[in-house]
Amino acid sequence: MHIYNTKTGKKESLIPREPGKVTMYVCGPTTYNYIHLGNARPVVFFDTVRRYLKYKGYEVLYVQNFTDVDDKIINRAREEKDDPIVLAARYIEEYFRDADALNVMRADIHPRVSEHMTEIIDMVRTLVEKGFAYAVDGDVYYDVYKFEGYGKLSGRTLEDMRAGARVDVDERKHHPMDFALWKSAKPGEPAWASPWGQGRPGWHIECSAMSLKYLGTNFDIHGGGYDLIFPHHENETAQSEAATGEPFVRYWMHNGFITINQEKMSKSLGNFFLVREILEKFKPEVVRFYLLSTHYRSPLDFDDEKLTAAGKGLERLKTSLRLLDEALAGREPGDAIPDAGLAVRLDELRVQFETAMDDDFNTALATGIIFDLARDINSFLHSASANTPAGVAALQKAKELFYAFNGVLGVLKTDKKGKILLDEPDGEDDSLVEKLLQVIIQMRQNARKNKDWAAADGIRDQLKELGIVLEDTHSGVRWKKQR
RNA sequence: GGCGACAUAGCCAAGCGGUAAGGCAGAGGACUGCAAAUCCUCGAUUCCCCGGUUCAAAUCCGGGUGUCGCCUCCA
């Protein structure tokens, strides 16, 4: 499989550090608020990367950090008169609620900055000892000139950046681009003891220290949003390679940005949407499906119409699964050989899906292939073969393929037994609802038998207003919840 | 000022040198008491514009135009 590597600007074939095992680190959120849509894209996308790698048989070690020590957290805590660490911990819990809703699997390790001070301080000390960093008044800065190749990830030179610098230069720095590894604490700020006095880590050092601790040098995939290339990932590379003398990361992956109504979403512009705000209007599965319907390196625009259109498309996929379940209900394929016509198509579709995903995780193409699968299933259901043992066996195979695709993209949630949930559980007693509906449906069937269309349509219309859709078929009446 | 990305039907979106996936919307047909769902058929003679390379370009090169992003906290 091939991955677009930001470091080289090319797609490269994935050759893990250790055969059969992929190590990956993704920059997680700074937890000073609920996560927004922009945070959700990498979370969902890299979750999909991980799922696919596992699907391909790799053992995956996935690490995603939480930045729980940071200026923004301190500011927020001050506003809310709360303790920064407590506040950050609370938003970590909230993060999991949103991530769970989006069907994101937990990382193997979720390290927090506040729990890795020893590693961070050790790394800063190493950098100072090796001459890559210098301390000034309790702060420690990384000396970018000392690191040959600074700028190689983002493709810029120190000269370019000096020319374009728009920041006020701190006189104490050797070079304007020197960045803080350690910041001295002001009174009242959370602080940890260090050789340079009480203070806290700079932003970039945490990811270096934690990724190296859990994954070692030259680990496989490091991911994050496009905006992290510079300065965050550039600085991580500089720190890590200077400290260890080894290559830091093999493949850098960066997802594109999300815009809202064609406008960049940013914290400073204040036009960002929280994940839970979107979830008030759209099902989490629709949000996840939409996030994956565009290639991860392209920008993705959110607006209600687009989400609605995606929701309709997803509904079509779910309908196909419903029809499949209906056709398979109470039937055993036995040891019949699957209908060749469908079976051959199924094999083709699996190859196409894998080819799409192998090519830099082309989830957009992959979702298109699921629509092809849905059409093939629906179409086969119309054919006479559908009722034969061979047909049932082929449909069973189709269902397995559908489940396999869904297992990779993670769009539809499953219960403990792995069965895809087609309707959102809403806390009602489903068996009672089912029984009541059967009574109502029977009454309506009687009306239909008497050609009392007014009564029959009236029942159907009223149920629709309650969010229950009735569909009359040859074999009986089908009902489903809508919205 | 420096660096970079992208421009494909009404909308969204794949495509990475071999003759335009898929979804939404729309039109017609089948099925239906009517619907719904599903199936079938139809849509870009063409991929922002202009040159060039090639037997062959949406895909490569050069030049325009436009949009967006990074260089500052941000996924």
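Under the Watson-Crick or G-U wobble criterion, with both distances below 3.5 Å, B:rA44 has no partner in any strand shown. Pair check for B:rU53 finds none; no Watson-Crick or G-U wobble contact set falls under 3.5 Å. Nucleotide B:rA36 forms no Watson-Crick or G-U wobble pair with any nucleotide shown, as no partner meets the under 3.5 Å limit on both distances. Using N1 to N3 plus N6-O4 or O6-N4 for Watson-Crick, or N1-O2 and O6-N3 for G-U wobble, each under 3.5 Å, B:rC3 pairs with B:rG69. Pair assignment for B:rU8: B:rG15, on the basis of Watson-Crick or G-U wobble contacts that are both within less than 3.5 Å. Pairing for B:rA21 is absent, with no Watson-Crick or G-U wobble pair whose two atom distances lie under 3.5 Å.
Atom CG of A:Asp461 is separated from atom C1' of B:rG33 by 14 Å (rounded to the nearest Å). A:Phe302 has its CZ atom 15 Å from the P atom of B:rC12, to the nearest Å. Nucleotide B:rC70 holds its P atom 12 Å from the CG atom of A:Leu228, rounded to whole Å. Rounded to whole Å, the distance from NZ on A:Lys11 to P on B:rG15 is 6 Å. Nucleotide B:rC40 holds its P atom 12 Å from the CG atom of A:Leu381, rounded to whole Å. For the pair A:Tyr95 OH and B:rA75 P, the computed distance is 12 Å after rounding to whole Å. Going from atom CD of A:Gln352 over to atom P of B:rA14 covers 17 Å, rounded to whole Å. Protein atom OH of A:Tyr226 is 14 Å distant from nucleotide atom P of B:rC3, rounded to whole Å.
Each of B:rC70, B:rA37, B:rC73 was ranked by its minimum atom distance to the side chain of A:Phe230; first place goes to B:rC70. Here B:rC34 is the nucleotide among B:rA14, B:rC34, B:rA37 with the atom lying nearest to any side-chain atom of A:Arg448. The side chain of A:Ser379 lies closest to B:rC40, out of B:rC40, B:rC71, B:rA13. Which of B:rC39, B:rC74, B:rA75 sits closest to the side chain of A:His382 comes down to B:rC39.
Within the nucleic acid shown, A:Arg444 comes within 4.0 Å of at least one base atom, counting heavy atoms only. In this structure, A:Arg375 reaches the sugar-phosphate backbone alone: every heavy-atom distance under 4.0 Å involves primed, P, OP1 or OP2 atoms, never a base. Within the 4.0 angstrom heavy-atom criterion, no nucleotide atom of any strand lies near A:His232. Residue A:Arg316 is in sugar-phosphate contact alone, with no base atom involved, counting any heavy-atom pair closer than 4.0 Å across all strands shown. In this structure, A:Gly225 reaches the sugar-phosphate backbone alone: every heavy-atom distance under 4.0 Å involves primed, P, OP1 or OP2 atoms, never a base. Residue-level contact check: A:His474 touches the backbone only, with heavy atoms under 4.0 Å from sugar-phosphate atoms and none from bases. Using a 4.0 Å heavy-atom criterion, one finds that A:Asn362 contacts the sugar-phosphate atoms exclusively. The residue A:Lys306 sits close only to the backbone: its heavy atoms come under 4.0 Å of sugar-phosphate atoms, none of a base. Nucleic acid contact class of A:Phe371 (heavy atoms, under 4.0 Å, all strands): sugar-phosphate only. A:Ile258 comes within 4.0 angstrom of a nucleotide base, judged by non-hydrogen atoms across all strands. Counting any heavy atom pair closer than 4.0 Å across all strands shown, A:Asp70 reaches no nucleic acid atom. Residue contacts for A:Asp472: at a heavy-atom cut-off of 4.0 Å it reaches a base atom on one of the strands shown. When heavy atoms are screened at a 4.0 angstrom cut-off, A:Leu470 is found touching base atoms of the nucleic acid.
Residues A:Ser208 and A:Ser240 come closest through the heavy atom pair OG-OG, 2.9 Å.
Rounded to the nearest Å, the gap between the P atom of B:rU8 and that of B:rA13 is 9 Å. Of the C1' atoms belonging to B:rU19 and B:rC47, the separation is 13 Å, rounded to the nearest Å. Between the P atoms of B:rG26 and B:rC11, the separation comes to 15 Å (whole Å). Rounded to the nearest Å, the gap between the C1' atom of B:rG18 and that of B:rA36 is 44 Å. Annotation: B:rG63 and B:rG43 have their C1' atoms spaced 34 Å apart (nearest Å). Rounded to the nearest Å, the gap between the P atom of B:rG2 and that of B:rA58 is 33 Å. The gap from the P atom of B:rC40 to that of B:rU46 amounts to 28 Å, rounded to the nearest Å. Here the separation of B:rA30 from B:rG23, taken at their C1' atoms, is 23 Å to the nearest Å.
Side-chain rings of A:Tyr34 and A:Tyr91 approach one another, their centers coming within less than 6.0 Å. Aromatic ring centroids of A:Phe302 and A:Phe273 lie 6.0 Å or more apart. Taking the six-membered ring wherever Trp is involved, the centroid distance between the rings of A:Tyr142 and A:His204 does not fall below 6.0 Å. Taking the six-membered ring where the residue is Trp, the centroids of A:Tyr150 and A:His175 are separated by 6.0 Å or more. Two rings, from A:Tyr296 and A:Tyr4, have their centers 6.0 Å or more apart.
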| task | Would you please test A:Asp301 and A:Lys306 for side-chain contact (heavy atoms from CB on, under 4.5 Å) and show each step? | result | CA-CA 8 Å; A:Asp301 188 59; A:Lys306 289 168 188 167; 2.8 Å; yes

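A side-chain donor-acceptor contact under 3.5 Å links A:Arg331 and A:Asn387.
If you find the closest nucleotide of RNA chain B to A:Asn378 and to A:Gly38, the one lying nearer the 5' end belongs to A:Asn378. Judged by closest nucleotide on RNA chain B, A:Ala366 is the one of A:Glu305 and A:Ala366 placed further toward the 5' end.
A:Glu234 contributes a side-chain N or O that, together with a main-chain N or O of A:Gly151, makes up a donor-acceptor pair within less than 3.5 Å. The backbone N or O of A:Gly407 sits less than 3.5 Å from a side-chain atom of A:Arg51, completing a donor-acceptor pair.
Within the 4.0 Å cut-off from OP1 or OP2 of B:rA36, not a single side-chain nitrogen or oxygen of A:Trp479 is found. Between A:Lys312 and B:rA25 there is a side-chain N or O to OP1 or OP2 distance below 4.0 Å. In this structure, A:Asn39 reaches the B:rA75 phosphate: one of its side-chain N or O atoms is under 4.0 Å from OP1 or OP2. Note on A:Asn255: every side-chain N or O is 4.0 Å or more away from OP1 and OP2 of B:rA75.
Aromatic stacking of A:Trp453 on B:rG33: satisfied, with centres closer than 5.5 Å and planes within an angle under 30 degrees.
No hydrogens or angles were tested; on distance alone, nothing pairs the side chain of A:Arg156 with the base of B:rG4 as donor and acceptor under 3.5 Å. Put simply, the side chain of A:Asp457 and the base of B:rG33 share a donor and an acceptor less than 3.5 Å apart. In the interface, the side chain of A:Arg460 is paired with the base of B:rA35 through a donor and an acceptor atom under 3.5 Å apart.
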